2 protein chains.
Amino acid sequence: MLKVTVNLDINKNLYIKNPEETELGRRIVQHSILLIDEVGLESFTFKKLADQIGSTEASIYRYFENKQLLFVYLVNWYWEWMKFRVGFFTMNIPTPEARLKTAIQVMVDTSQRSTSVEYVDPEALHRIMVTEGTKAYHKKNIDEENKEGFFLSYKALCRKIADIILDIDPQFPYPRSLASTLLETANNNIYFAQHLPRLTDIRYEKGYLEKVMEMLFAFAMGCIHGAGKELKAD
Amino acid sequence: MLKVTVNLDINKNLYIKNPEETELGRRIVQHSILLIDEVGLESFTFKKLADQIGSTEASIYRYFENKQLLFVYLVNWYWEWMKFRVGFFTMNIPTPEARLKTAIQVMVDTSQRSTSVEYVDPEALHRIMVTEGTKAYHKKNIDEENKEGFFLSYKALCRKIADIILDIDPQFPYPRSLASTLLETANNNIYFAQHLPRLTDIRYEKGYLEKVMEMLFAFAMGCIHGAGKELKAD
DNA sequence: AGTGTTATAATAGTATAACTCTCGAAAAAT
DNA sequence: ATTTTTCGAGAGTTATACTATTATAACACT
């Protein structure tokens, strides 16, 4: 098996001191994921994290300005990882339809086709993204943070999906919206299946992720082919 | 012009004392919307709200257990209002396609077809929903809150849309998922157009809401007609 | 080996948020 | 007229989100 060392680079404005570079930094990232996964973002505090890793609040503040920015850092990590995975697994697929199908697989099922990373638990991070991911970019001061480039990774990921969509139909008028919709809808339906089942048709049972992929692919192809027709019909 | 008094009923577990029934209660609801719209959910506190309405923290706590539940109350208000509007404006439309189109219009454009309500500013509430709405149901303790019925209004709204979709194609396999996707995607694209334009194809300019509706309708019809074909093609 | 630099643990301290409790006055209901 | 409800005023508690200071160990440089 080929062991790949992924070099994810993350916006430097998100941290005070690069956590990748020190043992403590990596422990902060690693355990923040585990702790948020366990107690949720609201109950997560630097104090609890410090206790968990046998360090102090003050030490964590040397790496991250505050809990929100640490969270945005983690979310960026996820986006970068996802972008890498989409690129990697669609690389040698000839038809754009099959590339889109694979991209959706990679988006939905983070356990399969695992690209493991030393100190980050991608499954836990994926769970966090499903339940709390949107909080990273739904806030009042979004414009300032956007100016600092905190969401470039999401935009790049979205663009990567949009490009596959355009390979299927270069005339499709909504590649970016469809891409972001697929990304959001993937997480939403996983979440709804588990917690608010009446908001989805996916039942939370063995193999439900397969069903999510199937549905998303059907939606995507429907939108792509349907939209063309609608326009011509007008 | 016909003046309709809407009677929105909201889950009793969401409040300690029904805010509709007193002057102070209505002022709390009214100004919490305005204040959250102004400063965002994170910076919103009961203290600030109390100052704004010339009351005290303690008095607000007599109506709502905490800020999160007040927020879920407001979100429920929105869902109930939206459900009423969808029902009201699609009522006498004969074809299901036109009903879906109208439902999408009602979802996206809250200013047009205004159904005004005394003490609630629906435009401000809609802005809150667009930027922070999902926080109401993306949290760690979702299952407990769901058991208390805090999301019944959203489910009912989703079902209403799903029923229209089923009227178009009774065999469509994903009516609920498509309905929730439309609801979420509507808000997302409005938000993205304003703040993260690379995640959408909608440009934030005069008449952009029209474009959002057009796109959503195209997506919806694509999914509905496409999905059938996909299944038959297998 | 000696000096400077960096990393971090330990501790203390401040401001604010998120509540809870009690009391008294006014308003409303009986 | 009197009981109950409503609310404002104020105090008090705990937790969170930080900031600042110091001491010490590790490490890098010369």
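No experiment lies behind these values; they were computed from the predicted model shown. Each chain gets a letter, A, B and so on, in the order its sequence line appears, and its residues count up from 1.
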Worksheet item: About how many Å separate CD of A:Glu132 and CD1 of A:Ile36, when rounded to the nearest 0.5 Å?
Response: 7.5 Å
Discussion item. Once you apply a heavy-atom cut-off of 4.0 Å, does A:Tyr63 come out as touching a base, just sugar-phosphate, or nothing?
Written reply: sugar-phosphate
Practice prompt. Measure the distance from CD1 on A:Ile60 to C1' on C:dA7 and round it to the nearest whole Å.
Written response: 14 Å
Practice prompt. State the CG-CZ distance between B:Asn11 and B:Phe150, to the nearest 0.5 angstrom.
Written response: 6.0 Å
Discussion item. Looking at D:dG8, I'd like to know if its phosphate oxygens (OP1 or OP2) sit under 4.0 Å from a side-chain N or O belonging to B:Ser55.
Written reply: yes
Worksheet item: Does B:Tyr191 have its ring centroid less than 6.0 Å away from the ring centroid of A:Tyr137?
Response: no
Fill in: Gap between atom CD of A:Glu23 and atom OH of A:Tyr119 - 0.5 Å precision
10.5 Å
Discussion item. Given 3.5 Å as the limit, does a donor-acceptor pair link the side chain of B:His138 with the main chain of B:Thr134, or not?
Written reply: yes
Worksheet item: Where the side chain of B:Ser177 meets the backbone of B:Tyr174, is there a donor-acceptor pair that is under 3.5 Å apart?
Response: no
Worksheet entry | Atom-to-atom span, CG of B:Asp51 to P of D:dA9 - whole angstrom | 11 Å
Worksheet item: Is any side-chain N or O of A:Thr56 closer than 4.0 Å to OP1 or OP2 of C:dA10?
Response: no
Worksheet, complete the sentence: Residues of residues 13-29 of chain B with a heavy atom under 4.0 Å from any atom of DNA chain D, listed by number, are B:Lys17, B:Thr22, B:Leu24
Practice prompt. Look at the side chain of B:Asp109 and the backbone N and O of B:Gln105, then say whether any donor-acceptor pair between them is shorter than 3.5 Å.
Written response: no
Worksheet entry | Chi angles and distances behind the side-chain contact (heavy atoms from CB on, under 4.5 Å) call for A:Thr110, A:Glu123 | CA-CA 6 Å; A:Thr110 49; A:Glu123 285 295 286; 2.7 Å; yes
Response to the item:
Quick tally for nucleotides 15-30 of chain C: nucleotides whose base has a protein heavy atom under 4.0 Å get B, sugar-phosphate-only ones S, the rest -, giving --SBBBB---------
Worksheet entry | Atom-to-atom span, CD1 of B:Ile53 to P of D:dC7 - whole angstrom | 10 Å
